[in-house]
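This report refers to the structure that appears directly beneath it.
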Amino acid sequence: MKTSTLMGSLLATTGLIGAACVTYGTAFENRAYQLRHVTVPTLPPGHESIRILHLSDLHLLAGQTKKIAWVRALGYLRPHLLVNTGDNIASPTALETLVHTLSPLMKVPAVFVLGSNDVYYPRPLNPLKYFTNRDHDDVAPTLPTETLIRTLEDMGWTNAERQRLVFPINDSTIEVRGCGDAHMDIDDYDTVMGEPSTADLLIGVTHAPYRRVLDQMVADGAGLICTGHTHGGQVCLPSGRALTTNCDLPLEQAKGLSTHRLGQSSAYLHVSAGLGTSPFAPYRFFCPPEATLLTLTARPSEAHD
């Protein structure tokens, strides 16, 4: 076989494999929604368990019927608290759809923070920009952010940015402290940090898990931090390892539960892989869309001499 013929066959085969991967990632895995169950031993010894539903990165559009139905069905979980870490809509016309999607969860105490795609309209991008940790700029068209905030607040949810919020749940007191999106360089956790928490657990909430924000939250005494933004890497190796986090978080922490340490202090870090993607990159590989039910349990009793 001539070299040119062999090369042509290899290129054709590669093209077919690439097309098959894109078809799979777009038509199947991008819609293979999963509910993950994660246990976090972070409450005082002897305290009752608490269920937190963590939603992130819906990037919702009006026609996404399967996603809408799947999220609506989460109402049966009856969590004690819902945490939404941003990037809710991918179009100004999706606000009414968002209310319909989240309405079964309206009666759940809930907090939210915003992400960059609650502010900037999605648009086509060079995928290599995800490796530079910048996928927006200040000249991008903007979404109706203030209307989005009012819509979520009208549902009974509370904007946690620059807030200290306290929730008595079962026999525990949970405090939530939130801040703006570090991906947009508007992280402002210093406006809420510093005052010692008297709650049984302090939870830090923000959209993008940049280490400068995580460090502040750990220094502030947070026992759990909830974030999104990374999409779990979105396109991963067969092992599930991410190729990028679109921020400065290490690749091995792109999704799921891990620990963020600062000196002798640490906090559990939960990074949601999210439920959506940009409408201009509607595919996932080895990283299905997800929501997570975090069950907070009591820490083991400390050993005594």
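As the structure is a prediction and not an experimental result, all values here were calculated from the model. Throughout, numbering of the chain's residues begins at 1 and tracks the sequence.
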- line: The salt bridge (Lys or Arg N to Asp or Glu O under 4.0 Å) partners of Arg72 (sequence neighbours excluded) come to none
message: One pair to check against side-chain contact (heavy atoms from CB on, under 4.5 Å): Thr295 and Val38. What are the steps and the verdict?
response: CA-CA 6 Å; Thr295 300; Val38 176; over 6 Å; no
- prompt: Taking it one step at a time, do Leu43 and Thr297 satisfy side-chain contact (heavy atoms from CB on, under 4.5 Å)?
  reply: CA-CA 6 Å; Leu43 296 176; Thr297 60; 6.0 Å; no
For Gly46 against Ala298, the heavy-atom pair lying closest together: N-CB, 3.6 Å
- prompt: Under 4.5 Å between side-chain heavy atoms, hopping through other hydrophobics if needed: is there a path connecting Val99 to Leu148?
  reply: yes
message: When you measure from the side chain of Asp188 to the backbone of Gly180, do you find a donor-acceptor pair of N or O atoms at a distance under 3.5 Å?
response: yes
- request: Would you list the pairs meeting ring pair (Phe, Tyr, Trp, His ring centres under 6.0 Å) in which at least one residue belongs to residues 74-102, sequence neighbours left out?
  value: none
query: Is a side-chain N or O of Gln253 found less than 3.5 angstrom from the main chain of Ser258, in a donor-acceptor match?
result: no
- request: Applying side chain to side chain contact (heavy atoms under 4.5 Å, CB included), name anything that partners Thr277, two or more places apart in sequence or on another chain.
  value: Asn30, Gln234, Pro282, Arg284
pair Cys236-Arg241: side-chain heavy atoms closer than 4.5 Å: no
query: What residues, two or more places apart in sequence or in another chain, satisfy side chain to side chain donor-acceptor pair (under 3.5 Å) together with Asp181?
result: none
- request: Starting at CD of Glu146, measure out to OG1 of Thr142 and round the result to the nearest 0.5 Å.
  value: 11.0 Å
query: Is there side-chain contact between Ile203 and Val111, with at least one heavy-atom pair below 4.5 Å?
result: no
Separation between CG of Leu81 and CD1 of Ile169, rounded to the nearest 0.5 Å: 5.0 Å
task: May I ask you to decide if the ring planes of His229 and His207 are parallel, tilted or perpendicular, using 30° and 60° as cut-offs?
output: perpendicular
query: Can you name the closest pair of heavy atoms from Pro279 and Ala90 and give their distance?
result: CD-CB, 4.0 Å
- line: Those residues at least two apart in sequence (or on a different chain) that pass side chain to side chain contact (heavy atoms under 4.5 Å, CB included) with Glu290 are Arg36, Ser272, Ala273, Thr292
message: With clusters defined by side-chain heavy atoms of hydrophobic residues (ILVMFWY) lying less than 4.5 Å apart, directly or transitively, does Trp70 cluster with Leu102?
response: yes
- request: Applying side-chain contact (heavy atoms from CB on, under 4.5 Å), run through Trp157 and Val108 and close with a yes or a no.
  value: CA-CA 8 Å; Trp157 293 15; Val108 177; 5.9 Å; no
query: So, does Glu175 use its side chain to make a donor-acceptor pair with the main chain of Leu201 at under 3.5 Å?
result: no
message: If hydrophobic clusters are built by linking Ile, Leu, Val, Met, Phe, Trp and Tyr wherever their side-chain heavy atoms come under 4.5 Å apart, do Leu262 and Met193 end up in the same one?
response: yes
- prompt: Do the non-hydrogen side-chain atoms of Pro92 and Leu143 ever get within less than 4.5 Å of each other?
  reply: yes
- prompt: Should the pair His231 and His59 be assigned to parallel (<30°), tilted (30 to 60°) or perpendicular (>60°) ring geometry?
  reply: perpendicular
task: Would you please name every residue forming a salt bridge (Lys or Arg N to Asp or Glu O under 4.0 Å) with Arg211, sequence neighbours left out?
output: Asp248
query: Is a side-chain N or O of Asp57 found less than 3.5 angstrom from the main chain of Asp87, in a donor-acceptor match?
result: no
- request: Look at the side chain of Thr145 and the backbone N and O of Asp118, then say whether any donor-acceptor pair between them is shorter than 3.5 Å.
  value: yes
field: Close side-chain approach of Leu275 to Leu55, heavy-atom, < 4.5 Å
entry: yes
- prompt: Roughly how far, to the nearest 0.5 Å, is CG of Leu296 from CD1 of Ile174?
  reply: 6.0 Å
query: How far does CD of Gln216 sit from OH of Tyr210, to the nearest 0.5 angstrom?
result: 15.0 Å
Sub-4.5 Å side-chain heavy-atom contact between Ile149 and Phe112: yes
query: Are Tyr268 and Leu293 co-members of a hydrophobic cluster defined by side-chain heavy atoms under 4.5 Å apart?
result: no
statement: Residues at least two apart in sequence or cross-chain that pass side chain to side chain donor-acceptor pair (under 3.5 Å) with Asp215, listed by chain then number, are His260
- prompt: With side chains defined as the heavy atoms from C-beta onward, is the minimum distance between His270 and Val40 less than 4.5 Å?
  reply: no
message: Under the rule for side chain to side chain contact (heavy atoms under 4.5 Å, CB included), what residues qualify as partners of Thr227, not counting sequence neighbours?
response: Thr206, Pro209, Leu214, Ile225, Leu269, Val271
task: Using the test side chain to side chain contact (heavy atoms under 4.5 Å, CB included), find all partners of Lys66 that sit at least two apart in sequence or belong to another chain.
output: Arg31, Tyr33
- prompt: Residues two or more places apart in sequence or in another chain: which of them pass salt bridge (Lys or Arg N to Asp or Glu O under 4.0 Å) with Glu195?
  reply: Arg164
task: Using atom types as modelled and distance alone, determine if a side-chain donor or acceptor of Lys67 lies under 3.5 Å from a backbone N or O of Leu60.
output: no
Considering all heavy atoms, the nearest His54-Leu294 contact: CB-CD1, 4.3 Å
message: Whether the side chain of Asp220 engages the backbone of Gly194 through a donor-acceptor N/O pair (distance < 3.5 Å, no angle test) should be reported.
response: yes
- request: Could you pull out the closest heavy-atom pair between Phe280 and Pro122, with the gap in Å?
  value: CE1-O, 3.2 Å
hydrophobic_cluster_shared for Leu114 and Tyr121, side chain cutoff 4.5 Å: yes
message: For a quick test of reading the model, state the closest non-hydrogen atom pair linking Met217 to Val205 and the distance between them.
response: CE-N, 3.7 Å
query: Does the pair Arg212/Asp185 count as a salt bridge with the N-to-O cut at 4.0 Å?
result: yes
- prompt: Is there any side-chain hydrogen bond (donor to acceptor under 3.5 Å, both in side chains) pair reaching into residues 37-52, and which pairs are they, with sequence neighbours excluded?
  reply: His47-Ser172
statement: Heavy-atom nearest pair, Ser91 first then Leu61, reads CB-CD2, 3.7 Å
message: Using the rule given for side-chain contact (heavy atoms from CB on, under 4.5 Å), can you reason through Val166 versus Thr173, listing the C-alpha separation, both sets of side-chain angles and the distance that settles it, and then say yes or no?
response: CA-CA 7 Å; Val166 177; Thr173 302; 3.3 Å; yes
message: Run the salt bridge (Lys or Arg N to Asp or Glu O under 4.0 Å) test against Asp200 and tell me which residues pass, sequence neighbours left out.
response: none
query: Is the closest side-chain heavy-atom distance between Ile89 and Leu58 below 4.5 Å?
result: no
- prompt: So, the side chain of Asn246 versus the backbone of Thr230: is there a donor-acceptor pair under 3.5 Å, distance only?
  reply: no
task: Report the distance from atom CG of Leu53 to atom CG of Asn84, rounding to the nearest 0.5 Å.
output: 9.5 Å
- prompt: So do Val176 and Phe167 actually touch side chain to side chain, heavy atoms under 4.5 Å?
  reply: yes
Atom pair CD/CD of Gln34 and Glu29 - distance to nearest 0.5 Å: 8.0 Å
